[in-house]
Amino acid sequence: MKTATKMIHAGAEPDPSTGAIMTPIYQTSTFVQAAPGQHKGFEYARSQNPTRFALEEALAQIENGKHGLAFSSGVAATDAVIKLLQPGDEVICANDMYGGTYRLFTKIYEKFNIRFHYVNMQDEANISAVINANTRLIWTETPTNPLMNITDIAAVSRIAKAANAILCVDNTFASPYLQNPLDLGADIVMHSATKYLGGHSDVIQGCLVMNDQTLRDQLYFIQKSCGAVPGPMDCFLVLRGIKTLHVRMQRHCENGERIAHWLRDNPKVAKVYWPGFADHPNHAIAKKQMSGFGGMISFELVDDSTEEAFRVLSSTKLFSLAESLGGVESLINHPASMTHASIPREERIKNGLKESLIRLSVGIEDADDLIADLQHAIG
Ligand SMILES: *Cc1c(COP(=O)(O)O)cnc(C)c1O
């Protein structure tokens with residue numbers, strides 16, 4: 001089945017009780033049994049919910065995986081993966097990932113004696129340098145947030161397999177429309193469904209997709225035992241979002257490309273981070289593993305003072321100043337004080353994240369209007 005058809009039909013069986021074409025929101029906590037243990041596969045909604053199951057099936061199909069699991073947020077999905085580990089296990093992760101992932105690893109899990117190595121994943125030699133007998137998990141994010149670095153998923157997956165470690169890829173920025181990490185050898189794909197999957201800035205949710213049945217069973221056990229499940233209304237919203245993912249992503253890519261080039265040609269802009277540029281350091285890999293370059297763009301101004309960045313951030317009208325990304329409307333963000341404030345300043349600067357960096361989530365409005373808005377703000 002081709003992608004566009006899959007986005008619309010994945011997991012969408014007519015409701016067995018009524019034939020409703022849209023999966024109903026099963027807003028129920030429990031299910032009546034005819035006799036003890038005699039039920040229709042649904043006992044209690046933390047473990048089973050038909051709306052969630054329809055979504056999980058859709059997520060699996062659009063990521064070319066066998067199994068999907070939905071969680072109450074992206075970080076809850078990440079949290080479930082870390083719970084596969086034991087004290088003493090080691091994780092190798094990217095040094096410029098989402099701030100909340102870094103916070104979860106350092107502030108919550110280090111104290112349980114799980115060791116995290118933060119490396120620059122654009123060079124796989126950095127992974128091989130820290131891999132050892134305790135390495136259980138490699139965690140990567142590509143493109144990274146907010147510097148748009150690209151990890152070669154196939155190359156890292158070969159290293160993970162040789163070391164018998166699980167490779168999990170945070171695919172939030174690309175979305176399943178632009179990149180399918182399982183096809184490239186990853187074991188688990190993670191998404192913040194809050195972003196492109198939901199697509200309308202109206203829900204917090206996360207998910208995991210995998211092929212391996214044992215891994216699925218372990219993660220399902222964690223999902224129901226730890227209880228970070230999404231409610232049925234939220235599952236409905238993400239199911240609905242997925243139906244337009246392909247058309248939204250096409251426009252995000254078109255608008256992203258126009259704005260990235262416009263920014264690059266602007267004399268007040270010093271540097272633009274976008275993997276679609278032919279001279280982006282990892283452009284060849286991006287081109288190989290992604291079918292488009294998306295609508296996430298970061299840039300630095302020639303005047304790289306925080307004051308000038310703040311002036312631009314407060315001057316746009318269509319681009320709203322807000323955290324998050326992936327919605328139909330355009331957002332502008334200051335990573336150092338907003339999305340990445342949980343990463344210590346020295347750590348951020350060491351990884352190349354300047355205090356004056358501005359990040360855009362380019363929406364699906366008319367690109368001419370978006371450019372006029374940026375022109376007005378940048379001056
Ligand atoms: C937002 C985000 C997360 C966390 O997801 P939540 O839904 O906010 O919990 C993880 N990774 C990336 C890349 C994100 O953008």
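Scope of the values below: all heavy atoms of this structure, side chains included, with no hydrogens, waters or symmetry mates. Indexing begins at 1, ligand by ligand and atom by atom, following the structure's order.
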Q. Can you find a non-hydrogen atom of Leu325 under 4.0 Å from ligand 1?
A.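 Yes, Leu325 has a heavy atom closer than 4.0 Å to ligand 1.
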Q: Work out whether the distance between some heavy atom of Gln205 and some atom of ligand 1 is less than 4.0 Å.
A: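 It does, in that a heavy atom of Gln205 comes within the 4.0 Å cut-off of ligand 1.
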Q. For the side chain of Thr30 and the backbone of Glu43, is there at least one donor-acceptor N/O pair under 3.5 Å apart?
A.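 Yes.
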(Q) Would Phe173 count as a polar contact of ligand 1, with the cut-off being nitrogen or oxygen pairs under 3.5 Å? (A)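 By distance alone, the answer is no.
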Considering heavy atoms of the protein only, find what lies nearest to [atom] and give residue, atom and distance to 0.1 Å.
{"atom": "atom 13 (C) of ligand 1", "value": "Asp170 OD2, 3.4 Å"}
{"atom": "atom 2 (C) of ligand 1", "value": "Lys195 NZ, 2.5 Å"}
{"atom": "atom 4 (C) of ligand 1", "value": "Tyr98 CE2, 3.4 Å"}

(Q) Is the distance between the ring centroids of His252 and Tyr196 under 6.0 Å? (A)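 They qualify: ring centres under 6.0 Å apart.
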How about [X] and [Y]: does a side-chain donor come under 3.5 Å of a side-chain acceptor?
{"X": "Ser356", "Y": "Glu308", "result": "no"}
{"X": "Gln61", "Y": "Glu57", "result": "yes"}
{"X": "Ser201", "Y": "Glu329", "result": "yes"}

Q.
Here's a test for you: under side-chain contact (heavy atoms from CB on, under 4.5 Å), which of Met338, His334, Met296 qualifies with Arg359?
A.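 Only match with Arg359 under side-chain contact (heavy atoms from CB on, under 4.5 Å): Met296.
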Q: Compare Asn171, Thr194, Thr172, Val203 and give the one whose heavy atom is closest to atom 7 (O) of ligand 1.
A: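 The option holding the nearest heavy atom is Thr194.
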Taking only heavy atoms of [X] into account, list the atoms of ligand 1 that are under 4.0 Å away from them.
{"X": "Ser192", "result": "1 (C), 2 (C), 3 (C), 4 (C), 5 (O), 6 (P), 7 (O)"}
{"X": "Gly74", "result": "5 (O), 6 (P), 7 (O), 9 (O)"}
{"X": "Glu141", "result": "13 (C)"}

Q.
If you count every heavy atom of other residues, nucleotides or ligands that lies below 6.0 Å from Lys243 atom NZ, does the total exceed 12?
A.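 Counting neighbours around NZ of Lys243, more than 12 heavy atoms of other residues, nucleotides or ligands fall under 6.0 Å, so yes.
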